[in-house]
Q: 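Take a look at this one; I'll ask things after.
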Amino acid sequence: DAGIDMGCYECQVVSNDECEIENVKCKIRNYPNPVYLKNNRGSVFLEFTLPEIPITNPIINIYNAKGQKVKQIELTQSLSGLVRIAGLATRDTQNGEAYSTVWNCRNERSKTVSSGIYFYVLSVNDEVVSANKMLILK
């Protein structure tokens with residue numbers, strides 16, 4: 001009424017917390033956050049654990065603040081799968097399917113991305129299962 005209109009913050013539409021997706025099946029995280037680029041070089045470690053082995057390879061799509069896709073990463077091998085191949089565990093003894101990858105902060109054309117907020121979305125079996133955001137600084 002007579003108060004200051006704070007727009008989407010007033011309605012709690014925007015949050016500084018992790019991105020929220022209904023029925024999140026896993027959490028995807030990145031380290032470090034923020035990511036610092038030095039001499040146009042930098043990298044970020046992305047990791048997540050799925051409750052079960054997926055039918056198709058998980059895909060991480062990375063978007064800039066405008067919503068434009070900058071990079072797509074398809075994960076072809078899980079850490080859990082490597083442990084099974086080495087004979088150190090079986091599907092019965094492992095709890096979930098762990099994945100990790102490193103993104104070198106470059107787009108599909110191998111150019112270093114600019115400073116800003118980036119969103120990364122995890123899709124498994126053609127379904128979005130998790131999302132989060134990262135800050136890249138130069």
Side-chain angles (χ1 to χ4, degrees):
D1 296 333
I4 297 172
D5 182 12
M6 295 177 61
C8 56
Y9 284 99
E10 184 177 6
C11 298
Q12 298 181 358
V13 174
V14 173
S15 170
N16 288 332
D17 298 331
E18 293 182 8
C19 300
E20 297 291 330
I21 293 180
E22 290 184 28
N23 302 324
V24 171
K25 294 179 175 72
C26 74
K27 294 246 186 203
I28 184 168
R29 293 176 177 84
N30 72 293
Y31 304 100
N33 195 11
V35 180
Y36 292 97
L37 299 178
K38 292 184 180 181
N39 300 325
N40 275 343
R41 303 177 104 187
S43 59
V44 59
F45 180 75
L46 302 162
E47 69 174 1
F48 60 94
T49 301
L50 298 173
E52 56 191 35
I53 299 173
I55 296 168
T56 61
N57 291 333
I59 295 174
I60 299 173
N61 287 307
I62 301 171
Y63 301 91
N64 62 18
K66 294 180 182 179
Q68 300 164 321
K69 188 188 319 182
V70 240
K71 184 72 174 177
Q72 179 172 309
I73 303 169
E74 182 176 358
L75 292 103
T76 57
Q77 184 66 57
S78 71
L79 297 173
S80 307
L82 292 172
V83 170
R84 285 191 301 275
I85 290 170
L88 301 173
T90 66
R91 288 185 182 176
D92 297 331
T93 60
Q94 287 182 322
N95 198 7
E97 199 70 9
Y99 288 86
S100 68
T101 189
V102 175
W103 177 46
N104 61 0
C105 298
R106 295 184 179 273
N107 63 19
E108 294 289 354
R109 295 181 304 252
S110 297
K111 301 256 183 186
T112 303
V113 297
S114 59
S115 295
I117 295 175
Y118 289 81
F119 299 91
Y120 50 100
V121 178
L122 171 63
S123 298
V124 179
N125 302 329
D126 297 322
E127 178 186 353
V128 173
V129 295
S130 190
N132 211 335
K133 61 187 171 185
M134 74 177 94
L135 177 62
I136 296 181
L137 300 172
K138 288 190 177 182

Q: Please determine, by modelled atom types, if T56 and N125 share a side-chain donor-acceptor pair under 3.5 angstrom.
A: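 There is such a pair (donor and acceptor under 3.5 Å, judged by atom type) between the side chains of T56 and N125.
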Q: Do T49 and E97 have side chains that approach each other closer than 4.5 Å (heavy atoms only, starting at C-beta)?
A: no
Q: Could you check whether atom CD of E108 has more than 12 heavy atoms from other residues, nucleotides or ligands sitting under 6.0 Å from it?
A: yes
Q: More than 12 foreign heavy atoms under 6.0 Å from CD1 of I55: is that the case here?
A: no
Q: Looking only at non-hydrogen atoms, find the nearest pair between S78 and A98 and report the distance.
A: CB-O, 3.2 Å
Q: Drop me the distance from N33's CG to M134's CE, to the nearest 0.5 angstrom.
A: 7.5 Å
Q: Are the side chains of I136 and L37 in touch, meaning some heavy atoms are under 4.5 Å apart?
A: yes
Q: Keeping the roles fixed (side chain from N30, backbone from E47), state whether a donor-acceptor pair exists under 3.5 Å.
A: no
Q: Please name the pair of heavy atoms, one in S130 and one in C26, separated by the smallest distance, quoted to 0.1 Å.
A: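 Nearest heavy atoms, S130 then C26: OG-O, 3.0 Å.
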Q: For the OH atom of Y120 and the OH atom of Y63, what is their distance to the nearest 0.5 Å?
A: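 Rounded to the nearest 0.5 Å, the OH-OH separation comes to 14.5 Å.
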Q: Any side-chain heavy-atom pair from F48 and V129 closer than 4.5 angstrom?
A: no
Q: Please report the shortest heavy-atom distance between S100 and L75, naming the atom on each side.
A: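 Smallest heavy-atom distance, with atoms named: O-CD2, 3.7 Å.
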Q: Please answer: with hydrophobic residues joined when any side-chain heavy atoms are less than 4.5 Å apart, are L46 and I59 in the same cluster?
A: no
Q: Where do N40 and K138 come nearest, in terms of heavy atoms and distance?
A: OD1-NZ, 3.7 Å
Q: Roughly how far, to the nearest 0.5 Å, is SG of C105 from OH of Y118?
A: 8.5 Å
Q: As an exercise, state the distance from CG of N61 to CG of L122, rounded to the nearest 0.5 Å.
A: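 If we round to the nearest 0.5 Å, N61:CG and L122:CG are 9.5 Å apart.
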Q: Mind listing the closest non-hydrogen atom pair of S43 and V35 along with its distance?
A: O-CG1, 3.8 Å
Q: Count I, L, V, M, F, W, Y as connected when their side-chain heavy atoms are under 4.5 Å apart, and connections chain through other members. Are V102 and Y99 then in the same cluster?
A: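 No, separate clusters.
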Q: Under 3.5 Å, is there a donor-acceptor pair between the side chain of N132 and the main chain of R29?
A: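 Not at all, since once roles are kept as given, no pair shorter than 3.5 Å links the two residues.
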Q: How long is the gap from OG1 on T112 to CZ on R106, to the nearest 0.5 Å?
A: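 T112 atom OG1 to R106 atom CZ measures 3.5 Å (nearest 0.5 Å).
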Q: So which atom in A65 and which in F119 form the shortest heavy-atom distance, rounded to 0.1 Å?
A: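 What the structure gives for the nearest pair is CA-CE1, 4.3 Å.
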Q: How about I117: does its CD1 atom have over 12 heavy atoms from other parts shown lying under 6.0 Å from it?
A: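 At most 12 heavy atoms, drawn from other residues, nucleotides or ligands, come within 6.0 Å of this atom.
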Q: Which distance, rounded to the nearest 0.5 Å, do you find between the NZ of K71 and the CH2 of W103?
A: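 Between atom NZ of K71 and atom CH2 of W103 there are 9.0 Å.
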